Amino acid sequence: MKVNISGPGRRFLLSAALVFSMLLPPPAAGQEEVSSAIRRYRDREASTGFYEQYEVRPRRQQALVEIPGLRKGLMPYSPSAARVRVRTRLADSHQGLRFYRWLRCETCHPGQGKDIHTVRANLTCRQCHGTEPIASIKHYFSPMNPIRRHAYVCAKCHPGANASYAAYVVHEPNPARVATLETFPVLFYAFWIMIGIAGVTFVIFLPHTILWGLREVLEKKEKPNRE
Amino acid sequence: MNNLRIRRFTPLQRLFHFLLILSFLIQAATGLCRMYVETAWGQRLGRLFGGYDAALEVHKIVGILMIVGFIFHAAFMLMRVNWKHWKESLFGPDSIVPGTKDAAQFFQHLGWFLGMRRAPEFDRWGYWEKFDYWAVFWGMVIIGVTGLLLAYPIASSRLMPGWGLNVAFWIHRIEALLAIGHVFIIHFFIAHLRWRNFPMDRTMFEGSADLHAVHHERPLWIARLDADGRLGGLQVPEAVPIEKGIYYVFGLTAVAFGLYLLIGAIVNAPRITW
């Protein structure tokens, strides 16, 4: 039997479907973010696990933006004025660069390709930083923003990555350099303490071993009744 | 005193050392093959263990076994202490715990190297043996803890900030290189390659040392044993030739493999991204 709905009946059904769809949870809430095949994200986090709904909050409620040395009267540049000038907060971090399409990442970021992720795991820049336009790491909607980096970037290869895990410094500074004292002091001190322990051990025992060897060679070897 | 030997190590102590040799060489090789994966040498080394990723699995499993072995050894040592007379047991001449006498003997030994003083008369353990023993303890704690943090990074980053893994990685790496350098240069040379012990001192494998050599190097220990009337009871015959052959083959293979790792690591050091 053929059912032909038309006129008021059709309009009623369409209206009812529309009202019903409004009662359904929004799609993003239904698609729980799962970063592990074993455990759901919410098992590992204090957060609800729903991003871009009500969970997303910048770490600081108020932007702590300042441009050193730049003031307008008594007040520094307003946060919004500063925001468009700080490259780490742009939606397109390379916005306005001349001849950008002809440049390679390492042309301007030569040291960033020398870390374990790049050298050993053969990752390319875009596998973490995304495709063009590459958002600044602190941009509100960037996948690299610390509020979601663990889920959007790290968890792709490290299932279950949490926010703390994402604090791992991929582009690690050289721990031996004095500049690291400013950027990563714990690494600087840990490195030099360990080098100190190793250095003291070798400074004492290498000459000791060499002298012992020489002394025994120079000494007339007493031949014990061994083999 | 032809071919007479004196027992220095129990079968359990020899087993501990044997397991330590095996596990240390595997850890050194798997760790270095990953560190040197940018070089042909590192890639060749990695193929021994099934490649770059498989080497990490071997490294983790053997590392955990090492930690378990270390805990067993620490428990064994605590049980060996005579707690009723703990002062004598911990700080007596048979103890491996270092004391001020060891520091004095270190400087006297240095004087002997330079021809300025008489050679020190050692007791059961020389200061360098005590240092080697306790270096493994501190190394195991440092490498073991940082290794566990790195082996389970997701879990460990719940206990500390993720950047702690950067720090743990460098501590693990430097301590491991220190251990490799110390064992493959200093320990190998003093124990096996110096003139008196060349080509290999098989004491730790056979459990007994040449009585004449011990008499020469550790007269205080022999004198104590003689005075207590225990010297005769500790004398054992030499191992049969086939047994000695096995010790030599195993020991020298371990030394050769260690030197291969050491030389490969030094030669290829400028070719990797640190």
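Only a predicted model underlies this, so the values are computations on that prediction, with no experimental measurement involved. Side chains included, hydrogens not; waters and symmetry mates left out as well; all remaining heavy atoms used. Throughout, a chain's letter reflects where its sequence line sits, starting with A, and its residues are numbered from 1.
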Handout entry: Structural part of A:L206 lying under 4.5 Å from a heavy atom of chain B
Key = both
Exercise for the section: Please flag which part of B:V37 lies under 4.5 Å from any non-hydrogen atom of chain A: side chain, backbone, both or neither. Expected result: side chain
Practice task
Would you confirm whether A:T209, through its side chain, and B:I186, through its main-chain N or O, come within 3.5 Å as a donor-acceptor pair?
Solution key: no
Exercise for the section: May I ask you to decide if B:R194's main-chain N or O and A:E216's side chain share a donor-acceptor pair within less than 3.5 Å? Expected result: no
Handout entry: Among the listed options B:I174, B:L165, B:L114, the residue most often paired with chain A at heavy-atom distances under 4.5 Å
Key = B:I174
Can you tell me which residue pairs pass the side chain to side chain donor-acceptor pair (under 3.5 Å) test with a partner in [range], sequence neighbours excluded?
range	result
residues 178-202 of chain A	none
residues 111-120 of chain B	none
residues 169-187 of chain B	A:E172-B:W170, B:D132-B:H182, B:D132-B:H187, B:W138-B:E175, B:T146-B:H172

Should we say atom [atom1] of [X] is surrounded by more than 12 heavy atoms from elsewhere, each under 6.0 Å from it?
X	atom1	value
B:L159	CG	yes
B:F137	CZ	yes
A:Y100	OH	yes
A:K114	NZ	no

Heavy-atom pair with the smallest gap, counting every atom of [X] and [Y]:
X	Y	answer
B:G115	A:R215	N-NE, 4.3 Å
A:Y165	B:P153	CE1-CB, 3.5 Å
B:L178	A:A198	CD1-CA, 3.8 Å
A:S164	B:P161	OG-CA, 3.4 Å
A:G160	B:I154	O-CG2, 3.4 Å

Exercise for the section: On the 0 to 90° scale, with breaks at 30° and 60°, tag the A:H208-B:F113 ring pair as parallel, tilted or perpendicular. Expected result: perpendicular
Fill in the blank from the handout: Checked A:A190, A:P175, A:G213, A:G199 vs chain B; the most non-hydrogen pairs under 4.5 Å come from A:P175
Problem - B:W163 side chain reached by A:Y168 side chain, heavy atoms, under 4.5 Å - result: no
Practice task
May I ask you to test the A:F184-B:V167 pair for a side-chain heavy-atom distance under 4.5 Å?
Solution key: yes
Exercise for the section: To the nearest 0.5 angstrom, please state how far the CH2 atom of A:W212 sits from the CH2 atom of B:W128. Expected result: 4.0 Å
Handout entry: CD1-CD1 distance between B:I171 and A:I193, expressed to the nearest 0.5 angstrom
Key = 8.0 Å
Practice task
Apply the test side chain to side chain contact (heavy atoms under 4.5 Å, CB included) to residues B:F106 and A:I204: give CA-CA distance (whole Å), side-chain angles for both, the deciding distance (0.1 Å), then the verdict.
Solution key: CA-CA 11 Å; B:F106 169 75; A:I204 292 174; 3.7 Å; yes
Exercise for the section: Identify the residues of residues 115-130 of chain A whose heavy atoms come closer than 4.5 Å to a heavy atom of chain B, ordered by number, or report 'none'. Expected result: A:I116, A:V119, A:R120
